[in-house]
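Please read the structure below before turning to the comments.
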Amino acid sequence: MSNKEKTAFLFSGQGSQYPGMGKEFYDNIPACKAILDTAEQVLGFQLSELMFNAEPAELAQTTVSQPAILAVSLMALTAAREKGIDAAAVAGHSLGEYAAMTACGMLTVEEAFKAIKLRSEAMDKAAKANPGCMAAVMGLSADVIGATCDEIAAGGDYVCAVNYNSNAQTVIAGTADGIAKAEAALKEKGAKRVVPLAVSAAFHSKLMESAAVEFKEKIADFQFKAPDRAFYCNLHGTRLTDFSDMPEYLSRHICSPVRFTAELNAMKADGIDTFIELGPGKVLTGLVKKTLDEVTAVNVENIDTLSAVE
């Protein structure tokens, strides 16, 4: 592994959940079990039972998947640090920004779960009031995808580009009709695949505006500390330097695009050459490999993958 100064921790977003995730950390590392215990105290329900035993559909519910993914991300972070692995920079994909904020000292573990409880509840409420879905579009430029979505939305069926994940993948969000029309139009224009995502709403779109307003009010009194290392953000696709109004930033984050490709490029430009994804799955590891040349990208989601990281 490269040195800490050239390493970044990345944290997974919603949709990366799967039954049984985090169980090895929970069973084998006491500090990891403590994270899940804290989560359950804050949430008021048995998150561990759902993570380890729930059906995929139950685990995919916003109010379950968001805290579950945060828990696994923080368990992976704890396990990595216990092994002596650390990073000079942090970044998360969407929901992953909350693990990143915890990793750089802006929030305590307890505060992070309090924030995610409020966020997931607000987003779940908005999703029920404004139903929507998301899909990943492969093999078409972001410009073409964005323009096509704008045309369809102008015709009355809302859809927009929301996650700029790599040069080969952009995620769209909108109403079911908007997504269906976009899928047909984008395939006609040469998209290799359009894959529905395992999420329960149109995240990072205007269908989440009511959640953004509610969440901002609910976290107005949270005390965000200054980060102790570089924090790269989805909203601007760059290193964040202004932490004066995090409730406003996190409110905008709910209904604004995730500029992950720009974020990765900014990290590489700043000298990062090693990326360690902490949390369920290895989606971000794949995005790094598709976006950046001459870098190392690995994931840590269980004991085996942790053992492979030196």
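- Between K216 and E248, at least one side-chain nitrogen of the basic residue sits less than 4.0 Å from a carboxylate oxygen of the acidic one, meeting the salt-bridge criterion.
- Ion pairing of K125 with E214 is present here, as a side-chain N (NZ or NE/NH1/NH2) and a carboxylate O approach within less than 4.0 Å.
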| request: In sequence, state the C-alpha distance, the side-chain angles, and the governing distance for S94 and H204, and then conclude on side-chain hydrogen bond (donor to acceptor under 3.5 Å, both in side chains). | output: CA-CA 8 Å; S94 185; H204 296 287; 2.5 Å; yes

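- No hydrogens or angles considered: a donor-acceptor pair under 3.5 Å links the side chains of S12 and E277.
- Proximity of F113 to T108: side-chain heavy atoms (C-beta onward) are nowhere separated by under 4.5 Å.
- In summary, the side chains of Y18 and E301 do present a donor paired with an acceptor at a separation below 3.5 Å, with no hydrogens or angles considered.
- The hydrophobic cluster containing Y249 also contains L118, counting ILVMFWY residues as joined when their side-chain heavy atoms lie under 4.5 angstrom apart, directly or transitively.
- Between R81 and D86 there is a salt bridge, with a side-chain nitrogen of the basic residue lying less than 4.0 Å from a carboxylate oxygen of the acidic one.
- No donor-acceptor distance shorter than 3.5 angstrom exists from the side chain of Q169 to the backbone of M138, with no hydrogens or angles considered.
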| message | Assess the residue pair I272 and V295 against the criterion (side-chain contact (heavy atoms from CB on, under 4.5 Å)); give the C-alpha distance rounded to whole Å, side-chain angles, the decisive distance to 0.1 Å, and a yes or no. | response | CA-CA 8 Å; I272 300 293; V295 299; over 6 Å; no

| field | Pair H93-V258, side-chain contact (heavy atoms from CB on, under 4.5 Å): steps then yes or no | value | CA-CA 7 Å; H93 190 289; V258 172; 3.8 Å; yes

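- By the 4.5 Å heavy-atom criterion applied to side chains, I179 and Y158 are not counted as neighbours.
- Residue L10 holds its CG atom at 10.5 Å from CG of N299, rounded to the nearest 0.5 Å.
- Side-chain contact of Q14 with Q66: a donor-acceptor pair under 3.5 Å is present, judged by distance alone.
- The side-chain tip of K114 does not point at the ring of F222 from less than 6.0 angstrom away and within 45° of straight on.
- With hydrogens and angles ignored, the 3.5 Å screen pairs a side-chain donor or acceptor of S65 with a backbone N or O of Q61.
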| said: Run the side-chain contact (heavy atoms from CB on, under 4.5 Å) test on T170 and L140 for me, step by step, so that the C-alpha distance in whole Å, both residues' side-chain angles and the decisive distance to 0.1 Å come before the verdict. | reply: CA-CA 8 Å; T170 301; L140 204 58; over 6 Å; no

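- Contact annotation: the side chain of P280 approaches that of I69 to within less than 4.5 Å [non-hydrogen atoms, C-beta and beyond].
- S256 contributes no side-chain N or O that, together with a main-chain N or O of H253, makes up a donor-acceptor pair within less than 3.5 Å.
- Inspection of the Y98 and E111 side chains reveals no N or O donor paired with an N or O acceptor under 3.5 Å.
- A donor-acceptor pair is defined here as one N or O able to donate and one able to accept, closer than 3.5 Å; no such pair exists between the side chain of D124 and the backbone of A127.
- The hydrophobic cluster containing V90 also contains M106, counting ILVMFWY residues as joined when their side-chain heavy atoms lie under 4.5 angstrom apart, directly or transitively.
- Between L284 and F11, the closest side-chain pair of non-hydrogen atoms is not below 4.5 Å.
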| query | Which is it for E5 and N3 under the side-chain hydrogen bond (donor to acceptor under 3.5 Å, both in side chains) test, yes or no, and what are the steps along the way? | reply | CA-CA 6 Å; E5 297 311 312; N3 63 34; over 6 Å; no

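- With N163 contributing its side chain and N165 its backbone, the two residues share no donor-acceptor pair below 3.5 Å.
- Between T63 and K117, every side-chain heavy-atom pair lies at or beyond the 4.5 Å cut-off.
- Using modelled atom types, one finds no donor on one side chain facing an acceptor on the other under 3.5 Å when comparing E110 with T38.
- Side chain of S73 to main chain of G279: no donor-acceptor pair is present (N/O by atom type, distance under 3.5 Å, no hydrogens or angles).
- Looking at E294, its side chain never comes within 3.5 Å of a backbone N or O of L292 through a donor-acceptor pair.
- At a threshold of 4.5 Å between side-chain heavy atoms, the hydrophobic network of Ile, Leu, Val, Met, Phe, Trp and Tyr places L70 and I219 in one connected group.
- Side chain of E40 to main chain of S48: a donor-acceptor pair is present (N/O by atom type, distance under 3.5 Å, no hydrogens or angles).
- Under a 3.5 Å cut-off, the side chain of N234 and the backbone N or O of G92 do form a donor-acceptor pair.
- No donor-acceptor distance shorter than 3.5 angstrom exists from the side chain of K290 to the backbone of A168, with no hydrogens or angles considered.
- Of the N and O atoms on the side chains of D177 and T175, not one donor lies less than 3.5 Å from an acceptor on the other residue.
- Inter-residue side-chain proximity for L36 and L47 is flagged as met; some heavy-atom pair is nearer than 4.5 Å.
- Atom-to-atom distance recorded for I116:CD1 and L95:CG is 5.0 Å, nearest 0.5 angstrom.
- Checked against the 6.0 Å centroid criterion, the rings of F9 and F275 do not qualify as a close aromatic pair.
- Taking the side chain as every heavy atom from C-beta outward, T305 and N302 approach each other to under 4.5 Å.
- Y164 is not connected to V194 by any chain of hydrophobic side-chain contacts under 4.5 Å among Ile, Leu, Val, Met, Phe, Trp and Tyr, and they are in different clusters.
- Linking Ile, Leu, Val, Met, Phe, Trp and Tyr residues whenever their side-chain heavy atoms come within less than 4.5 Å places M101 and L240 in a single cluster.
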| said: Applying side-chain hydrogen bond (donor to acceptor under 3.5 Å, both in side chains) to E49 and N53, what does each step give before you reach the verdict? | reply: CA-CA 6 Å; E49 175 66 25; N53 300 309; 3.3 Å; yes

| Stepwise side-chain contact (heavy atoms from CB on, under 4.5 Å) check, F25 with I303 | CA-CA 7 Å; F25 290 143; I303 301 296; 3.9 Å; yes

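- The closest side-chain heavy-atom distance from F224 to L107 is below 4.5 Å.
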